[in-house]
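Below: the structure, in structure tokens.
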Amino acid sequence: MSQPQYPQHQQPGWGGPQQPGYGQPPFQPQPPKKSSAGKVIGFGCLGVVALFVLIGIVGALASSGGDSTDSSRDKAVAAPSTPKTEQSKEAPAEKAPVDEKKSQAEEFKACVAKSGTDTEKKAVQHVTKVTGADKQNDILDAAEVFTDFTGGFMSENQGDAKLIASAFTSCYESENGLVTVYGEDGDMIANANF
């Protein structure tokens with residue numbers, strides 16, 4: 001005997017004829033995107049490099065923007081170092097005429113002598129040379145004051161070096177300036193914004 005055969009009904013989407021509305025697979029969400037931390041770090045570093053390049057270009061333009069025939073801005077003139085006893089014995093007639101150009105150290109000492117405190121005046125007697133005080137562009141002004149002090153940040157002359165830096169900020173103004181005071185051995189002793 002044979003078994004009765006029933007019509008076979010297949011489930012929709014299981015290989016049989018598709019009915020409208022049942023042929024689409026169910027909605028599946030997109031897989032999550034891979035973390036782009038490497039891209040963020042890479043672009044961040046690229047931004048920092050671009051910032052340094054931009055600062056370098058602005059600094060180069062600012063420093064070359066002056067008069068190209070003025071070669072005195074790159075030359076530092078050292079103040080003559082004479083003992084205090086000889087300074088007081090000089091006659092007024094032996095001093096340089098007013099029309100001659102003073103060195104930056106002499107100009108700085110004159111400014112402190114005019115408007116500085118007694119302790120600043122005493123500390124400024126140790127200044128031997130000043131550079132970077134003559135031309136300022138308010139972008140990156142860096143002045144250097146050289147002294148006859150010895151030692152670095154922890155030297156016994158650090159207090160006097162701070163007084164010199166403070167006196168410099170009283171005599172010169174800049175939007176973005178930094179004055180650094182060095183000892184005779186080239187070690188930095190103090191600095192200040194001016």
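- Residues Val130 and Ile189 share a single hydrophobic cluster, defined by chaining ILVMFWY side chains whose heavy atoms lie under 4.5 Å apart.
- Side-chain contact between Met188 and Phe153 is present, with at least one heavy-atom pair separated by less than 4.5 Å.
- Phe108 pairs by the ring-ring contact (aromatic ring centres under 6.0 Å, His included) definition with Phe168, not counting sequence neighbours.
- Put simply, OG on Ser170 and NZ on Lys114 are 13.5 Å apart, with the number rounded to the nearest 0.5 Å.
- Looking at heavy atoms from C-beta onward, Asp141 lies out of side-chain contact with Leu178 at the 4.5 angstrom threshold.
- Listed by first then second residue, pairs satisfying side chain to side chain donor-acceptor pair (under 3.5 Å) with a partner in residues 177-191 number zero, not counting sequence neighbours.
- Counting heavy atoms from C-beta on, the side chains of Phe146 and Thr131 come closer than 4.5 Å.
- Across Leu163 and Ala123, no two heavy atoms sit closer than the pair CB-CB, 4.1 Å.
- Distance CD/Glu106 to NZ/Lys129: 14.0 Å, rounded to 0.5 Å.
- Contacts classified as side chain to side chain donor-acceptor pair (under 3.5 Å) and involving residues 147-158 (residues at least two apart or in different chains) are given here: His126-Asp148.
- For the pair Val127/Lys109, a side-chain contact is recorded, criterion being any heavy-atom separation below 4.5 Å from C-beta on.
- With hydrophobic clusters built from ILVMFWY side chains whose heavy atoms lie under 4.5 angstrom apart, Leu140 shares a cluster with Leu51.
- Residue Lys121 qualifies as enclosed at atom NZ: its count of foreign heavy atoms under 6.0 Å is above 12.
- Atom CG in Asp160 sits 11.0 Å away from atom CD in Glu120 (nearest 0.5 Å).
- Among all heavy-atom pairs drawn from Ala167 and Val112, the shortest one is CB-CG2, 3.7 Å.
- Nearest heavy atoms, Ala165 versus Ala192: CB-CB, 3.9 Å.
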